[in-house]
Amino acid sequence: TETANRSREISGCVHGMIYLAVLVAFAACDAPPVPLDDIVFEKTFVPEQCVRAVKVGDYVRYHYNGMFPDGKKFDSSYDRSSTYNVYVGKKQLIEGMDRALVGMCVNERRLVKIPPQLAYGKEGYGDVIPSDAILHFDVLLLDVWNPDDGVQMKTYYTPENCSRKVEVSDYVRYHYNGTLLDGTLFDSSHTRMRTYDTYVGIGWLIAGMDQGLLGMCVGEKRIITMPPSLGYGSNGDGSDIPQQASLVFDVVLLDLHNPKDGVSIINQDIPQHCHRKSVAGDFIRYHYNGSLLDGTFFDSSYSRNRTYDTYVGKGYVIGGMDEGLIGVCIGEKRRIIIPPHLGYGEEGTGTKIPGSAVLVFDIHIIDFHNPSDTVVITTNYKPEVCETLAKKGDFVKYHYNASLMDGSFIDSTYNYGKTYNIVLGANQVVPGMEEGLKEMCVGERRHLVIPPHLGYGERGVDGEVPASAVLIFDIEMIEMEAGLPDGYMFIWNEDVSADLFTEMDADKDLQVLASEFSDYILRQVNEGKGRLAPGFDAYRIIENMFSNQDRNGDGKITEDEFKLKADETTHDEL
């Protein structure tokens, strides 16, 4: 071929004038050209990569312009807007073209000159090609395949972890760019900004894609090349894919599941001590990061700086999460992989979660409880002498350290250097603490686990205690003062004076003012003759006692108004 090209480039008398100026040489050359003995071709464009060259027996699709040596066009596939499709080396073409196509690469362009004996010879071809005509063809190869070809797969990216590969009957979500063998784009899921979702291996796809997707991992990228017999065959698709076209799909697999899949749980961190595991009906607080199977993030409780709180096993969350949250320990971290039929199904959620998407949740259990839970009391230390036990009405002083179930610090009296002081039964603390302090003795230490319905409930304490949080208190009783009998805010330690009203009436004007009343009660307390309820404001108690005696509200008590509590039928100093 190179010899023939050189003969074509320097021919006739030009060959004898190579030392003269070119223009002079051509002007002097009037001899006829030397007849062609064989085909001559020039590669006018060669692609950078040539994965495959045409061989005898291959089927090719190509465009051409057919011309005579003087440049006159006699035929063109471009004019018909259709490639010429034919087997090579099977005498379906003129012999010269059969030879010229061998060795061509897709997207290669050749200028081919064919002598008459390898074209239409002395007979020519009707009125189109005269006898003994030399033919020139400008050929662009667009496609090549062989009837023996199967699907070709080339993986150019493999993820580090591949726990599962596509099998027959799996459902996949993938993106693709579809091109012809010459690189012409005919379709892309990327331009639609939506994955192609389908079952594999059950005939929902063209055969070549059904085969090409098998064995892929989520995140894998591969090139799938298929002959037309495994694509759209001899008819094409009627619009973008021509007849007998090889197809090339650049695929990235994003998702994979099987309709038979259940929830998959991968334990990442299990606490050393797990005293209790969640069951259906429990209320759980947990953090999560939610992503798709390819790692695409869609939601996180951390970004809201608030746990997700819900009942489990009651349908409050998607089915897969309901199942995945059963049997967890407080503090446990696990990965829950949920197939779409246990997640958001074929519809997804719209913008964040696409239809038929597998969901991956990395969760951290913060705490859980059951609405039937009571306060869990564990005594860590009890003095040898522990006879006087705290009861309703007693004034107690205690230290505490408070935290959440995950160990998050809430508060501590030790930080303030003083005890926390309350009257038991006076609703001064949450009900769970009331319960935990009962029947303690001075010096005793207890560990309390208080469910939220006995703590700060669904609202919590803004900035301190989250909503629906289980509370942990480590408490120590420091001091205790016995309270008064139920219903009393003041009692006498000895017999009551028979002339009590007269003793209160300091100025003997037959009426007791508030100041006289207050002075008298305080004096009795100071002298040990009476007791006010501990833990309350003494002046507030006395003020209320006076108001109860002042029946008509005129700011003074007369002897007719004055009665002892024992004489009252219904009476409460407060």
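Everything numeric here is computed off the predicted structure, so don't read it as measured data.
- Remark: the backbone N or O of N548 is not paired with any side-chain donor or acceptor of N544 at under 3.5 angstrom.
- Heavy-atom contacts from other residues, nucleotides or ligands closer than 6.0 Å to CG of N415 number more than 12.
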Item to complete: Start with the C-alpha gap between V251 and M216, add the side-chain angles, then the distance that decides, and say whether side-chain contact (heavy atoms from CB on, under 4.5 Å) holds.
Response: CA-CA 10 Å; V251 176; M216 285 192 76; 4.2 Å; yes
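- Counting only distance, with no hydrogens or angles, the side chain of E434 and the backbone of N427 share a donor-acceptor pair below 3.5 Å.
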Discussion item. Between I337 and I266, does the side-chain contact (heavy atoms from CB on, under 4.5 Å) criterion hold? Intermediate values first, please.
Written reply: CA-CA 8 Å; I337 302 173; I266 302 172; 4.1 Å; yes
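- Counted within 6.0 Å of CZ on R164, heavy atoms from surrounding residues, nucleotides or ligands total more than 12; the atom is thus considered enclosed.
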Discussion item. Pair D187, R192 - check salt bridge (Lys or Arg N to Asp or Glu O under 4.0 Å), show working.
Written reply: CA-CA 10 Å; D187 193 18; R192 294 188 296 273; 2.7 Å; yes
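- The shortest non-hydrogen separation linking P534 to G393 is CG-O, 4.4 Å.
- Atom CD of E439 is surrounded by 12 or fewer heavy atoms from other residues, nucleotides or ligands within 6.0 Å.
- Between Y171 and H257, the ring-plane angle classifies as tilted under the 30° and 60° cut-offs.
- Residues I223 and Q152 have side chains not in contact (no heavy-atom distance under 4.5 Å, counting atoms from C-beta outward).
- Side-chain contact between L247 and F186 is present, with heavy atoms from C-beta onward closer than 4.5 Å.
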Discussion item. Would Y311 and F368 count as a ring-ring contact (aromatic ring centres under 6.0 Å, His included) here? Give the steps.
Written reply: CA-CA 9 Å; Y311 286 97; F368 64 82; over 10 Å; no
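- In this structure, CG in L513 is found 6.5 Å from CZ in F546, a value given to the nearest 0.5 Å.
- Under a 3.5 Å cut-off, the side chain of T413 and the backbone N or O of T419 do not form any donor-acceptor pair.
- Note that CG of L532 and CE of M489 are 8.0 Å apart. Values are rounded to the nearest 0.5 Å.
- Not one N or O on the side chain of S301 forms a donor-acceptor pair closer than 3.5 Å with the backbone of T307.
- Residues T388 and V442 fail the side-chain proximity criterion, which asks for heavy atoms closer than 4.5 Å.
- Taking all atoms of both residues into account, the shortest heavy-atom contact from I450 to M433 is CD1-N, 3.7 Å.
- A distance-only check finds no donor-acceptor pair linking the side chain of D255 to the backbone of V172 [under 3.5 Å].
- The environment of Q428 atom CD is dense: over 12 non-hydrogen atoms of other residues, nucleotides or ligands sit within 6.0 angstrom.
- Side-chain atoms of R173 and L292, non-hydrogen and from C-beta on, do get closer than 4.5 Å to each other.
- Residues D373 and R276 are paired through a salt bridge, judged by an N-O separation under 4.0 Å between the basic side chain and the carboxylate.
- Under the 30°/60° scheme for interplanar angles, the aromatic rings of H369 and H453 are found to be tilted.
- Atoms CE and OG, on M504 and S497 in that order, are 9.5 Å from each other to the nearest 0.5 Å.
- The shortest non-hydrogen separation linking G178 to F249 is CA-CD2, 3.9 Å.
- A 6.0 Å sphere centred on CG of D462 holds no more than 12 heavy atoms belonging to other residues, nucleotides or ligands.
- Side-chain contact between L424 and K391 is absent, with no heavy atoms from C-beta onward closer than 4.5 Å.
- Salt-bridge annotation for D394 and K438: absent, with no side-chain N of the basic residue lying under 4.0 Å from a carboxylate O of the acidic one.
- For the pair Y196/L205, a side-chain contact is recorded, criterion being any heavy-atom separation below 4.5 Å from C-beta on.
- Between the side chain of R551 and the main chain of E561, a donor-acceptor pair closer than 3.5 Å is present.
- Every side chain to side chain contact (heavy atoms under 4.5 Å, CB included) that A207 has, sequence neighbours left out, goes to L230.
- Contact between D554 and D550 at its shortest, heavy atoms only, is OD1-OD1, 2.9 Å.
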Practice prompt. List the steps, then state whether side-chain contact (heavy atoms from CB on, under 4.5 Å) holds for L254 with T296.
Written response: CA-CA 9 Å; L254 300 182; T296 301; over 6 Å; no
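- For H190 and H175, the gap between ring centers is short of 6.0 Å.
- Between F490 and W492, the two ring planes are perpendicular [angle over 60°; tilted spans 30° to 60°].
- Within a 6.0 Å sphere centred on NZ of K260, other residues, nucleotides and ligands contribute 12 heavy atoms or fewer.
- Every side chain to side chain contact (heavy atoms under 4.5 Å, CB included) that M153 has, sequence neighbours left out, goes to V151, R222, I224.
- To the nearest 0.5 Å, atoms CG (D367) and CG (L404) are separated by 7.0 Å.
- Aromatic ring pairs are classed by plane angle as parallel below 30°, tilted from 30° to 60° and perpendicular above 60°; the pair Y420 and Y398 is perpendicular.
- Crowding of F297 atom CZ: a count of heavy atoms from other residues, nucleotides or ligands under 6.0 Å exceeding 12.
- E481 contributes no side-chain N or O that, together with a main-chain N or O of F395, makes up a donor-acceptor pair within less than 3.5 Å.
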Item to complete: Carefully, step by step, assess I365 and L325 under the rule side-chain contact (heavy atoms from CB on, under 4.5 Å).
Response: CA-CA 9 Å; I365 304 300; L325 289 171; 3.9 Å; yes
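- For the pairing with H399, the ring pair (Phe, Tyr, Trp, His ring centres under 6.0 Å) check across F473, Y414, Y416 returns one residue only, Y414.
- Looking at T195, its side chain never comes within 3.5 Å of a backbone N or O of D197 through a donor-acceptor pair.
- Across every non-hydrogen atom of S169 and P259, the tightest pair is O-CD, 3.8 Å.
- Summarising the geometry, atom CD belonging to E435 is positioned 8.0 Å from atom OG1 belonging to T374; distances are rounded to the nearest 0.5 Å.
- With N177 contributing its side chain and D250 its backbone, the two residues share no donor-acceptor pair below 3.5 Å.
- Under a 3.5 Å cut-off, the side chain of D519 and the backbone N or O of E516 do not form any donor-acceptor pair.
- Applying the salt bridge (Lys or Arg N to Asp or Glu O under 4.0 Å) rule to pairs touching residues 209-218 yields nothing, sequence neighbours excluded.
- Summarising the geometry of P383 relative to C386, their closest heavy-atom pair is O-CB, 3.7 Å, with the distance given to 0.1 Å.
- Within the 4.5 Å cutoff, side-chain heavy atoms of I318 are placed close to those of L359.
- A salt bridge links D299 with R304: the closest approach of a Lys/Arg side-chain nitrogen to an acidic carboxylate oxygen falls below 4.0 angstrom.
- Counting non-hydrogen atoms of other residues, nucleotides and ligands closer than 6.0 Å to CG of D499 gives a total above 12.
- To the nearest 0.5 angstrom, E559 atom CD is 9.0 Å from D505 atom CG.
- A heavy-atom distance below 4.5 Å is found between the side chains of N267 and E332.
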